[in-house]
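Heads up, the thing below is written out as structure tokens.
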Amino acid sequence: MPLSSTKIIKVIVVTDDLEKTVSAYKTLLGTGKTPDETNEKHDVVRTPYTKYKGESITDTPMKVDSVFTDNFWFEIIQPLGKNDPWADWLRTHGTSICSICLLSGGPLEKDEEAMKAAGFESIFKQEKGYEAYAYFDTSKALGVLTEVKEQYS
């Protein structure tokens, strides 16, 4: 079963120096308008929660900035906590591309089933009430984590 979409909307980079990394990306790419994230309408609105490695967590402290291209953006994250996928990636890999984000055609649960069937377990999931996303450990097969994001209208 394939994923509902292969549209890459962002590439997530983790760093220990947000300003330096953002400056380097802007020097190379400049800045542009926010890419269109229009998606199908989904009426489901759920109760917000955050889980990492199956456990509920209450916070993912970080500094974030974005650098836009014509059709996707780089989300640059400087993790400030110790218990989330971004902090773990930075500890292991240093400043680098951490993940790619695909925009789900929805519902996210179908994409979770597809990823699990492909052998990739969810390591992080957040429900915000207006969107949900999950991170899958695809690092051994793809070199990065894969985020699948569903946005509700």
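Owing to the predicted nature of the structure, the values given are computational and were not obtained by experimental measurement.
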Requested in this report: Enter the distance from Gln78:CD to Thr21:OG1 here, rounded to the nearest 0.5 Å.
Outcome: 8.0 Å
Query raised in the report: Can the ring centres of Trp86 and Tyr135 be said to be less than 6.0 Å apart?
Result: yes
Query - Verdict with supporting geometry, Glu131 and Glu150, side-chain contact (heavy atoms from CB on, under 4.5 Å) - result: CA-CA 6 Å; Glu131 71 178 9; Glu150 179 185 5; over 6 Å; no
Query - Other residues, nucleotides, ligands: >12 heavy atoms within 6.0 Å of Lys116 NZ - result: no
Query raised in the report: Passes salt bridge (charged side-chain N to carboxylate O under 4.0 Å, His left out), Glu113 versus Lys110? Steps please.
Result: CA-CA 5 Å; Glu113 289 173 19; Lys110 291 219 182 233; 5.6 Å; no
**Report entry** Spacing of Phe120 atom CZ and Glu112 atom CD [to the nearest 0.5 Å]
**Finding:** 15.0 Å
Query raised in the report: Should Ser96 and Trp89 count as side-chain neighbours, where that means a heavy-atom distance under 4.5 Å?
Result: yes
Requested in this report: Take Tyr52 and Thr60 through the side-chain contact (heavy atoms from CB on, under 4.5 Å) test and state the conclusion after the steps.
Outcome: CA-CA 10 Å; Tyr52 183 48; Thr60 56; over 6 Å; no
Query raised in the report: Given side chains that start at C-beta, do those of Glu75 and Val11 come closer than 4.5 Å, heavy atoms only?
Result: no
Query raised in the report: Going hydrophobic residue to hydrophobic residue with side-chain gaps under 4.5 angstrom, can you get from Leu18 over to Leu28?
Result: yes
Query raised in the report: Between the side chain of Thr92 and the main-chain N/O of Asp88, is any donor-acceptor distance below 3.5 Å?
Result: yes
Query raised in the report: Hey, are the side chains of Thr95 and Val14 touching, using non-hydrogen atoms and a 4.5 Å cut-off?
Result: no
**Report entry** Minimal non-hydrogen separation, Ser4 against Gly105, with atom names
**Finding:** OG-N, 2.7 Å
Query raised in the report: Nearest heavy-atom pair of Val67 and Tyr25: which atoms, and what distance?
Result: CG2-CB, 3.8 Å
Query raised in the report: Under 4.5 Å between side-chain heavy atoms, hopping through other hydrophobics if needed: is there a path connecting Val144 to Leu90?
Result: no
Query raised in the report: Out of curiosity, Lys63 NZ to Ile76 CD1, how far, rounded to the nearest 0.5 Å?
Result: 13.0 Å
Query - Check: Leu29 and Phe74 side chains under 4.5 Å, non-hydrogen atoms - result: yes
Query raised in the report: Any idea which heavy atoms bring Ser139 and Asp137 closest together, and the distance?
Result: OG-OD1, 2.7 Å
Query raised in the report: Does Phe72 offer a backbone N or O that forms a donor-acceptor pair with the side chain of Asp70 under 3.5 Å?
Result: no
Query raised in the report: For the hydrophobic clusters of this structure (ILVMFWY residues joined by side-chain heavy atoms under 4.5 Å, transitively), does one cluster hold both Ile77 and Ile97?
Result: no
Query raised in the report: Around Lys125, counting heavy atoms of other residues, nucleotides and ligands shown, do more than 12 lie under 6.0 Å from its NZ?
Result: yes
Report summary line: Here the pair of heavy atoms bringing Lys51 nearest to Ser56 is NZ-OG, 3.2 Å
**Report entry** Full working for side-chain contact (heavy atoms from CB on, under 4.5 Å) between Val13 and Cys98
**Finding:** CA-CA 5 Å; Val13 176; Cys98 170; over 6 Å; no
Query raised in the report: Just wondering, do Glu121 and Met115 contact through their side chains at under 4.5 Å, heavy atoms?
Result: no
Report task. Let me see the working for Glu147 and Leu145 under side-chain contact (heavy atoms from CB on, under 4.5 Å), right down to the final yes or no. Result -> CA-CA 7 Å; Glu147 175 187 354; Leu145 302 174; over 6 Å; no
Query raised in the report: Looking at Asp111, Ile9, Leu3, which one forms a side-chain contact (heavy atoms from CB on, under 4.5 Å) with Leu102?
Result: Leu3
Query raised in the report: Between Thr138 (side chain) and Ala141 (backbone), is there a donor-acceptor pair under 3.5 Å?
Result: no
Query raised in the report: If two hydrophobic side chains count as joined below 4.5 Å and joins carry through other members, does Phe124 share a cluster with Phe136?
Result: no
Query raised in the report: Just by distance, with hydrogens left out, do Thr15 and Asp17 show a side-chain donor and acceptor under 3.5 Å apart?
Result: no
Query raised in the report: So, the side chain of Ser5 versus the backbone of Ser104: is there a donor-acceptor pair under 3.5 Å, distance only?
Result: no
Report task. Find the distance between NZ (Lys128) and CD (Gln151) and round it off to the nearest 0.5 Å. Result -> 10.0 Å
Query raised in the report: Does any donor atom in the side chain of Gln126 or Thr50 lie under 3.5 Å from an acceptor atom in the other side chain?
Result: yes
Query raised in the report: Out of curiosity, does Leu80 fall in the hydrophobic cluster containing Val64 (side-chain heavy atoms, cut-off under 4.5 Å, transitive links)?
Result: no
Query - Check ion pair Arg91-Asp16 (N to O, under 4.0 angstrom) - result: no
Report task. Would you check if Tyr133 and Glu127 make a side-chain contact, meaning some heavy-atom pair closer than 4.5 Å? Result -> no
Report task. Tell me whether the centres of the aromatic rings in Tyr130 and Tyr152 are closer together than 6.0 Å. Result -> no
